[in-house]
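Okay, structure first, notes after.
Note that the coordinates shown come from a computational prediction; the quantities given were computed from them, not determined experimentally. Order of listing sets the numbers, starting from 1, for every ligand and every atom in it.
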Amino acid sequence: MTAVKPQTILYGFWLSSCTWRVRAALHLKKIPYEERSVDILHEKAQLTDQYRAINPSQKVPALCIDGATLVESMAIIEYLDETRPEPPLKPPSPLQRARMQEICETVVSGIQPLQNIGLKGYFETEDKYTAFTKYWTERGLQSLEELLTKSAGTYCVGDQFTKADLCLVPQLYNAVTRHKLDLGKYRTVSQLYEKLLKEQSFEETHPKKVRNSN
Ligand SMILES: N[C@@H](CCC(=O)N[C@@H](CS)C(=O)NCC(=O)O)C(=O)O
C-alpha cells in the first residue's frame with residue numbers, strides 16, 4: 001500500500017506580505033498547495049479560537065506541510081529550503097548570506113511589524129496610524145536603498161534569487177499600494193522592484209491573482 005502524502009495547506013490572506021513571501025517560496029520550490037483564506041481585514045478571522053489552534057500568534061501565514069503545522073514566514077521558508085534544496089534560497093558565501101540577512105531583517109523586523117494592520121486599533125485616529133506606518137516604512141526604504149546599492153546584481157544579493165527577494169517584493173507592494181509611497185526617490189529599490197515583479201514566482205503568486213481566484 002502506498003502512503004498518502006499529507007496535503008499542503010497555506011493559511012493566508014491575499015493582501016498579506018508575509019503570506020506572499022511563503023506563497024512565492026512554494027511556487028519556486030514547485031510544491032503544490034491549497035490556499036485557505038483567513039480574512040485579517042474585515043472578518044478578523046485571525047482572532048478566532050479556531051485559527052488560534054493553527055497559529056498561536058493569531059497572524060498569517062501558517063503552513064501545514066509534511067504532517068506538521070508551521071508558523072512564522074521565515075521559519076517556514078527556511079524549512080522549505082532545507083527539505084527541498086532546489087532551487088537554493090541562500091547564496092553560497094558567508095558574506096553574501098550576511099548581506100541577504102541584512103535585507104531580510106530590515107524588512108521583517110524593521111518595516112513589516114511597524115505597519116502591520118493589527119496595530120491600527122491602538123492609535124487614537126486613522127491619521128496617527130497612517131503617519132506612524134509611513135514614517136517606519138520610509139526609514140526602512142532608505143536603509144534598503146543603501147544596503148541594496150552595495151549588494152544587488154540581478155537580484156537583491158548578486159545574481160541569485162534568495163530569501164531577500166522574497167521579503168523585498170511583498171513589502172514594496174505594500175509601500176506602493178497601501179501606503180501610497182513613491183519609490184522614485186529610491187533608485188536601486190525601484191529598479192529592482194520593477195524587474196522582480198516580472199519574475200514568474202511573483203507574477204504567479206501576486207495578491208491580485210489570489211484575490212481574483214477566491
Ligand atoms: N513575523 C510574522 C508576522 C506575521 C504578520 O504580522 N502577519 C500579518 C499579515 S502580513 C497579520 O496577520 N496581521 C494581522 C494581525 O496582526 O492581527 C511572520 O513573518 O509570519
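- Looking from atom 2 (C) of ligand 1 to the surrounding protein, the closest heavy atom is Glu72 OE1, 3.1 Å.
- Glu138 and Gln142 share no side-chain donor-acceptor pair at under 3.5 Å.
- Although no hydrogens or angles enter the test, the distance criterion places a donor-acceptor pair under 3.5 Å between the side chain of Ser190 and the main chain of Arg187.
- Of the possible polar contacts, one joining the Ser143 side chain to the Arg139 backbone as a donor-acceptor pair under 3.5 Å is found.
- Against a heavy-atom cut-off of under 4.0 Å, Cys18 is close to the following atoms of ligand 1: 3 (C), 4 (C), 5 (C), 7 (N), 10 (S), 19 (O).
- Here the protein heavy atom with the shortest distance to atom 20 (O) of ligand 1 is Ser73 N, 2.9 Å.
- Heavy-atom contacts of Arg21 reach the following atoms of ligand 1: 19 (O) (cutoff under 4.0 Å).
- Judged by distance alone, the side chain of Ser73 and the main-chain N or O of Val22 form no donor-acceptor pair under 3.5 Å.
- Checking side-chain atoms of Lys30 against main-chain N and O of His27 turns up no donor-acceptor pair under 3.5 Å.
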Give every donor-acceptor pair under 3.5 Å between a side-chain atom in residues 193-200 and any protein atom, sequence neighbours left out.
from: Glu199; atom 1: OE1; to: Tyr155; atom 2: OH; distance (Å): 3.3
from: Glu199; atom 1: OE2; to: Tyr155; atom 2: OH; distance (Å): 3.0

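- A side chain to side chain contact (heavy atoms under 4.5 Å, CB included) with Arg21 is found for one member of Leu168, Leu26, Asp165, Val107 and no other, namely Val107.
- For ligand 1, the atoms sitting less than 4.0 Å from at least one non-hydrogen atom of Ile40 are 9 (C), 11 (C), 13 (N), numbered in the order shown with element in parentheses.
- Ligand 1 lies out of reach of Lys44, whose nearest heavy atom is not under 4.0 Å from it.
- Looking from atom 4 (C) of ligand 1 to the surrounding protein, the closest heavy atom is Val60 O, 3.3 Å.
- When hydrogens are left out, the protein atom nearest atom 14 (C) of ligand 1 is Gln46 NE2, 3.5 Å; that is the closest non-hydrogen contact.
- Below 4.0 Å from some heavy atom of Pro61 lie the following atoms of ligand 1, by number and element: 20 (O).
- The main-chain N or O of Pro91 is found under 3.5 Å from a side-chain atom of Arg97 such that the two form a donor-acceptor pair.
- Taking atom 6 (O) of ligand 1 as the reference point, the nearest protein heavy-atom neighbour is Gln112 NE2, 2.9 Å.
- Distance from atom 8 (C) of ligand 1 to its nearest protein heavy atom, with residue and atom name: Asn116 OD1, 3.6 Å.
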